[in-house]
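Have a look at the structure below, then the notes.
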Amino acid sequence: MEKFYIATAIDYVNGPPHIGHAYEKIASDVIFRHYEQRGIPAFFLTGSDEHGIKIQKAASEKGISPQDFCDDIAGKFIKEWKLFDIKYSRYIRTTEAEHKRVVRHIFKTLIERGDIYKASYNGLYCTGCECFLSERELDDDGNCPSHKTKPQEVREENYFFRLSKYKERIQEHIKANPGFILPDYRANEVLNQLKDAEDISVSRSRNSVSWGIPVPDDDSQVIYVWIDALSNYLTGIGYLSNNELYEKFWPTDCHMIGKDILKFHSIYWIAILMAMEIPLPKTIVAHGWITIDQSKMSKSLGNVIAPGDILGAFGLEVPDALRYFLMTTTTFGNDGNYSDEEFKNKVNADLANNLGNLLNRSLSMLVKYFDGNVSPEAVTVAENNNLAALSDKTKREVIENMDKYQPYQAAESIINLVDSANRYINEQAPWTLAKNEETQLQCAQVLYNVLEALRYVSVLIYPYIPNIAQNMREQLGFDDRVSDFMLSDLQWGGLKPGRIASKDSVKPVFLRLDSELAGDKKKNAN
RNA sequence: CGCGGGGUGGAGCAGUCCGGUAGCUCGUUGGGCUCAUAACCCAAAGGUCAAGGGUUCAAAUCCCUUCCCCGCAACCA
């Protein structure tokens, strides 16, 4: 692989970010950072979807312009991603001039090619919602479910995209490329939906929706979400604006999206690209949802959690623990659950008790028995060394699992290595070896093995917990950035002799969480 | 017969595609260690892998049937 381009779905900015938004960005960030560690040029795109009736309405309710409204909410997203150390390469907003140009270009090209045509649209329009409803959206009495009023039959001229023309080609593509949609069971779902795919409406009358990009040469119509939002993946990588970037990174290697919008990405978007004769993405990964205390997060249930609030409630200064938890709460693709209790238990067990304590106990012994010195004789070789073999195996497993978009399994491998090192210490009992002159060297070698395994761990786990990993690396006596360390350089024996630790340098990298997000929102200091 | 996901020891989850002694974390009980963040290590108790049937030398895993839970309207990833 010579490059890696990953894009998240862009978030609709009609409300502030919640933990579900964060889940997708964290997953993408972990994968992105991993590819960077492999020395592969990588690009990570995320951003916001800012047009449409809902934003128009939300803005007017607040009495501000849609653009001001978007600026405000997009700002909150950007701030949140900074808080979570989301290392995106570019944050794209669909209200950018550059993007509007791309959208209009695509729309125009498709009209010219005959893939977009004008037709009349017969729909049921709810004046309360200010939008069309499909028949299956209506309640049993044929009323709008939210307004309990009968929608009116309205005929409107709209532009349509000839989706039906590409059905077979998409089917064939999905069948011919097993990894195209992940998890694979979702591919069947898409093939099913594809059976009754019809042409889709790609514009709205300006009278019903004004907040959007006008159709080229037809100001009475505004481009609807599909072409507007999905095209961000092209704009974001320099299509029509930065050819060098575009040539280097297109097509998208990974579309990281929620399971609810799989259809739009694997059918609509693919068809649009086919119609534009643009190469198709490699993989579309559909992740599950984060439920809260086992129920779906929803505003009506009042259980929507802002990710930053969790950090605040537990007094966390860095996002690492929550990043780690979300990536390990369930197999990627399934729904995962968040609860304060599970969060606390998981990170206490893995990050504090196992990983943090392992580093702490081994460095403490190094300080206690050898004044923090790694002597040249203590350096071990990989041959006939179980811990070295396991470290290398873990590295391979991490790479394999990341290639399959399975961050859960990759993390599990890393924690297994930590467990093994903890067991190894207990078996070798360096505290006993330290007491006798004859076993001093053996003691030093045991500690070296453990610290070297921990150096592997710090590099491998860096994508999940970048701050803690950096801290680990520093305590192991390095003054460089763990983010700059390449996996290809991760070989046994990298821990160099010399004085690497002192009594003052050894401190816990992750403290156990003992506070709890007490029932309702416990306001934190700020 | 609408579509999809799920049902694995007390809790939360792997394992199911590519059948071969049922695994992890937490919790419980007993023991060990004393280097460490009341941590770490060992052991034990606890499961008819929703139910029934089938294929097979062998099924949590493949096939069929049944039951139960959750999404598929909005807010929303």
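Any value given below was found using the heavy atoms of this structure, including those in side chains, with hydrogens, waters and symmetry copies removed. Convention: sequence-line order gives letters A, B, ...; per-chain numbering from 1. What you are looking at is a predicted structure, and each value in this text was computed from that prediction instead of being measured.
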Is there a Watson-Crick or G-U wobble partner for B/rG19 with both distances under 3.5 Å, and if so, which one is it? none
N/O (side chain, A/Asn192) to phosphate O (OP1/OP2, B/rG4) under 4.0 Å: yes
What's the CG-C1' distance between A/Asn334 and B/rG12, to the nearest Å? 13 Å
Consider the side chain of A/His18, meaning its heavy atoms from C-beta on, and name the nucleotide among B/rC76, B/rC35, B/rG4 that approaches it most closely. B/rC76
Give A/Gly336 one of three labels, base, sugar-phosphate or nothing, depending on what nucleic acid heavy atoms sit under 4.0 Å from its own. nothing
When rounded to the nearest Å, what value does the distance between P atoms of B/rU37 and B/rU25 take? 23 Å
Between A/Gln428 and B/rC41, is there a side-chain N or O to OP1/OP2 distance below 4.0 Å? no
Classify the nucleic acid contact of A/Pro508 as base, sugar-phosphate or nothing, counting any heavy atom under 4.0 Å across all strands shown. base
Given the P atoms of B/rA50 and B/rG7, what is the spacing between them in whole Å? 7 Å
Whole-Å gap separating P (B/rA14) and CD (A/Glu397): 18 Å
Is any side-chain N or O of A/Asn360 closer than 4.0 Å to OP1 or OP2 of B/rU37? yes
Measuring from the side chain of A/Arg512 (C-beta onward, heavy atoms only), which nucleotide among B/rU37, B/rC35, B/rC26 has the closest atom? B/rU37
Output yes when at least one side-chain N/O atom of A/Arg423 is less than 4.0 Å from OP1 or OP2 of B/rC42, else no. yes
Separation of atom CZ in A/Arg186 from atom C1' in B/rG71, rounded to whole Å: 10 Å
C1' atoms of B/rG32 and B/rG47, separation to the nearest Å: 28 Å
Sub-3.5 Å donor-acceptor pair from the side chain of A/Thr329 to the main-chain atoms of A/Phe325, do we have one? no
Result for 5'-nearest mapping on RNA chain B, choosing between A/Asp184 and A/Ile19, is A/Asp184
Parallel, tilted or perpendicular for A/Phe264 and A/Tyr268, by the 30°/60° rule? tilted
Can you work out whether A/Val509 or A/Asp335 has the more 5'-proximal nearest nucleotide on RNA chain B? A/Asp335
Please examine the side chains of A/His99 and A/Asn232, heavy atoms only from C-beta on, and report whether any two atoms are closer than 4.5 Å. yes
Cation-pi check, A/Arg323 onto A/Tyr464 ring (under 6.0 Å, within 45° of axis): no
Atom CH2 of A/Trp431 and atom C1' of B/rC35 are separated, to the nearest Å, by 6 Å
P atom, B/rA11 versus B/rC49: distance in rounded Å? 16 Å
Using a heavy-atom cut-off of 4.0 Å across all strands, would you classify A/Asn357 as base, sugar-phosphate, or nothing? base
To the nearest angstrom, the CH2-C1' distance between A/Trp289 and B/rA77 comes to 8 Å
Thinking salt bridges, do A/Asp350 and A/Lys346 make one under a 4.0 Å N-O criterion? yes
Is A/Gln409 touching bases, backbone alone, or none of the nucleic acid, heavy atoms closer than 4.0 Å? sugar-phosphate
Which class fits the ring pair A/Phe44 and A/Tyr88: parallel under 30°, tilted 30 to 60°, perpendicular over 60°? perpendicular
Complementary nucleotide for B/rC67 - Watson-Crick or wobble, under 3.5 Å: B/rG7
Just checking A/Lys54: base, sugar-phosphate only, or nothing, at a heavy-atom cut-off of under 4.0 Å? sugar-phosphate
Touch class at under 4.0 angstrom, heavy-atom based, for A/Gly258 against every strand present: sugar-phosphate
Rounding to the closest angstrom, what is the interatomic distance between B/rU56 and B/rG2 at atom P? 33 Å
According to the Watson-Crick and G-U wobble definitions, with both distances under 3.5 Å, which nucleotide is paired to B/rC62? B/rG54
Return the nearest nucleotide to the side chain of A/Lys296; candidates are B/rU37, B/rC13, B/rC75. B/rC75
With rounding to whole Å, what would you report as the distance between B/rU28 and B/rG10 at their P atoms? 16 Å
Going by purine N1 to pyrimidine N3 plus the second Watson-Crick contact, or the G-U wobble pair, all under 3.5 Å, which nucleotide sits opposite B/rA38? none
Considering every strand and a 4.0 Å limit on heavy-atom distances, what is the contact class for A/Ala352: base, sugar-phosphate, or nothing? base
In whole Å, measure the gap between the C1' atoms of B/rC70 and B/rG30 for me. 41 Å
Both distances below 3.5 Å, Watson-Crick or wobble geometry, any strand: find the nucleotide opposite B/rA74. none
Would you indicate what A/Ile290 reaches in the nucleic acid, counting non-hydrogen atoms under 4.0 angstrom: base, sugar-phosphate, or nothing? base
Could you tell me how far apart A/Asn422 (CG) and B/rU25 (C1') are, to the nearest whole angstrom? 14 Å
Whole-angstrom distance between B/rA77 and B/rG12, as gauged at atom C1': 22 Å
Would you mind reading off the distance between A/Ile292 atom CD1 and B/rC75 atom P, rounded to a whole angstrom? 19 Å
Without decimals, in angstroms, what is the distance between A/Lys57 NZ and B/rA74 P? 13 Å
Partner lookup for B/rA14, please. Criteria are Watson-Crick or G-U wobble with both distances under 3.5 angstrom; report none if nothing qualifies. none
side-chain N/O A/Asn354 vs B/rC40 OP1/OP2, d < 4.0 Å: yes
Would you mind telling me which of B/rA77, B/rA14, B/rC35 lies closest to the side-chain atoms of A/His21? B/rA77
How is A/Phe510 classified with respect to the nucleic acid when contacts are heavy atoms under 4.0 Å: base, sugar-phosphate, or nothing? base
Can you tell me how the ring of A/Phe77 sits relative to the ring of A/His21, calling it parallel under 30°, perpendicular over 60° and tilted otherwise? perpendicular
Report yes if the side chains of A/Ile181 and A/Ile174 come closer than 4.5 Å at any heavy-atom pair, otherwise no. yes
Sort out the partner of B/rA43 for me: Watson-Crick or G-U wobble, both distances under 3.5 Å, none otherwise. B/rU29
Main-chain N/O of A/Leu433 paired to A/Thr439 side chain as donor or acceptor, under 3.5 Å: yes
